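Just below is one structure, and these are the notes that go with it.
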Amino acid sequence: MLTLKVLQENKEYVIERLAVKNFKAENLINQILELDQKRRSTQNSMDSNQAELNKLAKEIGELFKNGKQTEANELKNKNAEIKNTVKIQGDELASIEKQLNSILVQLPNLPHKSVPAGKGADDNKEIRSGGSIPQLPENALAHWDLAKKYDIIDFELGNKLTGSGFPVYKGKGAKLQRALINFFLEEAILAGYTEYLPPILVNEDSGFGTGQLPDKEGQMYHVGIDNLYLIPTAEVPVTNIYRDVILSVNDFPVKMTAYTPCFRREAGSYGKDVRGLNRLHQFDKVEIVQIQHPEKSYQALEEMVNHVENLVKSLNLPYRILQLCGGDMSFTSALTYDFEVYSAAQDKWLEVSSVSNFESYQANRLKLRYKDENDKKTTLVHTLNGSALALPRIVAALLENNQTNQGIIIPEVLRKFTGFDRID
RNA sequence: GGAGAAAUGGCCGAGUGGUCUAAGGCGCACGCCUGGAAAGUGUGUAUGCCUCAAAAGGGUAUCGAGGGUUCGAAUCCCUCUUUCUCCGCCA
């Protein structure tokens with residue numbers, strides 16, 4: 001969430017920036033500033049009452065010790081009144097803080113200066129592209145047909161076991177998944193990321209820390225009996241490793257990677273573009289996360305974009321990189337690049353990665369700070385993450401683009417992980 | 001799942017109602033000492049919020065978390081969480 005400080009000091013700027021995300025902030029900010037005013041005066045008054053109580057308690061103690069019962073009892077009466085006031089003020093303060101917080105979390109992150117205004121996907125800006133679109137044979141098939149032809153992914157079986165959107169990978173299809181996961185993890189490790197294997201169920205605090213709760217509650221599967229959530233991305237457990245942590249300057253950069261399955265309810269997106277692997281309820285993904293000094297976070301973002309670009313390049317997939325416009329960006333992001341690969345038989349661009357800088361927005365929720373050696377103050381860090389990469393759409397594009405009459409050709413870089421060079 | 005024990009600062013650890021403004025040690029930082037280092041020695045060493053133009057300073061809260069008793073709680077009571085030991089179950 002945004003800090004109170006930025007709202008107090010740069011109200012007009014915040015309103016202007018949030019308009020880029022098509023968000024009208026003025027009313028909410030006014031409410032916040034008013035509540036904050038109340039919070040401070042209440043706290044101020046409560047603290048001085050409490051100071052008075054502490055002083056009286058000491059005096060009463062002294063009087064008892066000296067055997068002056070009567071005087072002690074007089075002071076006790078005086079005490080009771082102040083104590084009651086403190087109690088009322090404490091309740092009031094808690095209520096104000098609760099209100100304040102509930103409004104504060106409704107404000108999205110400020111988009112970076114470079115973010116273009118826009119309503120949706122059509123207004124995203126292409127940064128660059130690469131690879132070449134393949135010439136497919138006349139009888140080219142979409143990946144769901146190829147999956148059936150070579151018996152490597154069974155969508156109907158997933159329906160039987162769980163429901164739609166939970167495919168079953170089989171034989172070389174299953175091994176291809178494992179190979180991709182290994183390839184992506186190895187590349188991340190080579191790039192200096194530390195591998196983690198985190199839990200895939202998280203508690204409410206973690207969901208709040210990275211911004212999934214309370215805004216996107218309906219998008220996560222919830223295990224009610226234990227009040228836990230299935231993660232929609234490894235970002236959640238991995239970033240939360242550093243919840244409530246104070247780093248020192250020489251801890252930077254923190255670079256972490258993790259493979260996890262990801263679970264998304266995708267409520268409201270039935271019907272369109274959900275065929276085959278295009279949109280699933282469970283899928284595999286390798287994620288990269290960085291925790292950075294605020295001055296270095298945009299440099300880190302570029303580094304992460306380059307990392308992801310090298311992955312799609314090495315898989316020989318035609319790709320393009322988009323900078324998202326304000327209207328298409330997530331609630332928590334300050335700047336996002338999306339990667340899309342071209343899936344030739346479907347004739348579609350498919351999003352396979354999203355790389356974002358959250359600046360201090362998540363850090364503020366996470367209470368993730370660093371301490372400067374010189375001024376001894378704590379400052380919020382910047383957090384970033386990106387998919388590197390999400391598997392299903394990569395598999396879709398690989399199957400479709402690499403189909404030949406002799407089977408599906410496995411990209412060179414994957415062969416040491418698959419142990420085979422084609423699916424036939 | 002059942003029974004018992006425990007949770008204190010970066011770490012170890014003392015502390016069973018007021019002198020806790022949390023002993024002592026380790027670590028770390030800075031100084032002194034030294035030719036340099038070690039040893040020795042001195043000082044400092046948490047976080048949030050409020051106050052202050054800022055800094056300094058002051059106030060307040062925090063001893064696993066949340067409630068309660070009391071004029072006063074690290075200390076007493078209740079609930080929860082986690083860890084350890086034993087029992088049960090189990091890949």
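These numbers were taken from a predicted model, which means no experiment stands behind them. Sequence lines set the chain letters: A, B, ... in the order given, protein chains first and strands last, and positions in each chain run from 1.
Between Asn203(A) atom CG and U82(B) atom C1' the separation is 13 Å, expressed in whole Å. In this structure, the CG atom of Asp244(A) is 13 Å from the C1' atom of A46(B), given to the nearest Å. Whole-Å rounding puts the Lys5(A) NZ to G48(B) P distance at 13 Å. Whole-Å rounding puts the Lys83(A) NZ to C71(B) C1' distance at 8 Å. Note: NZ (Lys58(A)) to C1' (U21(B)) measures 8 Å, nearest angstrom. Remark: P of U81(B) and CG of Asp226(A) are 11 Å apart, rounded to the nearest angstrom. For the pair Leu247(A) CG and G10(B) P, the interatomic distance rounds to 14 Å; values are reported in whole Å.
Nucleotides A65(B) and U82(B), compared at atom P, are 15 Å apart to the nearest Å. Comparing the same atom, C1', in G4(B) and in G58(B) gives a spacing of 47 Å after rounding to whole Å. Using C1' as the reference atom, U41(B) and A46(B) are 26 Å apart when rounded to the nearest Å. For the C1' atoms, the distance linking A54(B) with C63(B) amounts to 33 Å, nearest Å. The P atoms of U60(B) and G72(B) are separated by 15 Å, rounded to the nearest whole Å. G13(B) and G64(B) have their P atoms separated by 14 Å, given to the nearest Å. Comparing the C1' positions of A73(B) and G67(B) gives an interatomic distance of 14 Å, to the nearest angstrom. Look at the C1' atom in both C84(B) and C76(B): the space between them is 25 Å, to the nearest Å.
Met46(A) pairs in a side-chain contact (heavy atoms from CB on, under 4.5 Å) with only one of the listed residues (Val86(A), Thr85(A), Ile88(A)), which is Val86(A).
Across all strands shown, C30(B) forms a Watson-Crick or G-U wobble pair with G42(B), both key distances being under 3.5 Å. Base-pair partner of C71(B): G18(B) (Watson-Crick or G-U wobble, both distances under 3.5 Å). As the counterpart of A61(B), U47(B) is assigned, both hydrogen-bonding distances of the Watson-Crick or G-U wobble pattern falling under 3.5 Å. Pair check for A23(B) finds none; no Watson-Crick or G-U wobble contact set falls under 3.5 Å. Searching all strands for a Watson-Crick or G-U wobble partner of A3(B) with both distances below 3.5 Å returns U85(B). When both pairing distances are held under 3.5 Å, A54(B) makes no Watson-Crick or G-U pair with any nucleotide shown.
Arg369(A) has a side-chain polar atom (N or O) that falls below the 4.0 Å cut-off from OP1 or OP2 of G48(B). Phosphate proximity of U47(B) to Lys371(A): present, with a side-chain N or O under 4.0 Å from OP1 or OP2.
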request  = Apply the test ring pair (Phe, Tyr, Trp, His ring centres under 6.0 Å) to residues His112(A) and Tyr298(A): give CA-CA distance (whole Å), side-chain angles for both, the deciding distance (0.1 Å), then the verdict.
outcome  = CA-CA 10 Å; His112(A) 184 262; Tyr298(A) 279 95; 4.5 Å; yes
request  = Indicate for each nucleotide in nucleotides 50-66 of chain B, in 5' to 3' sequence, whether protein heavy atoms under 4.0 Å reach the base (B), only the sugar-phosphate (S), or nothing (-).
outcome  = SS-------BSS-----
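Salt bridge status for Glu97(A) with Lys38(A): absent, with no side-chain N to carboxylate O gap under 4.0 Å.
Separation of the Tyr370(A) and Phe252(A) ring centroids falls under the 6.0 Å cut-off.
Within 4.0 Å (heavy atoms only), Ile246(A) reaches sugar-phosphate atoms of the nucleic acid but no base atom. Across all strands shown, Lys87(A) has heavy atoms under 4.0 Å from sugar-phosphate atoms exclusively, and none from any base.
When the shell of 6.0 Å around NZ of Lys148(A) is examined, it contains 12 or fewer heavy atoms from other residues, nucleotides or ligands.
Scored by the salt bridge (charged side-chain N to carboxylate O under 4.0 Å, His left out) test, Glu412(A) finds Arg415(A) as partners (sequence neighbours excluded).
In this structure, the side chains of Ile241(A) and Pro198(A) stay at 4.5 Å or more apart for every pair of heavy atoms.
In this structure, Arg178(A) is not positioned above the aromatic face of Phe417(A) in the sense of NZ or CZ being under 6.0 Å from the six-membered ring centre and within 45° of the axis.
Defined by atom type and a distance below 3.5 Å, a donor-acceptor pair is present between the side-chain atoms of Tyr193(A) and Gln290(A).
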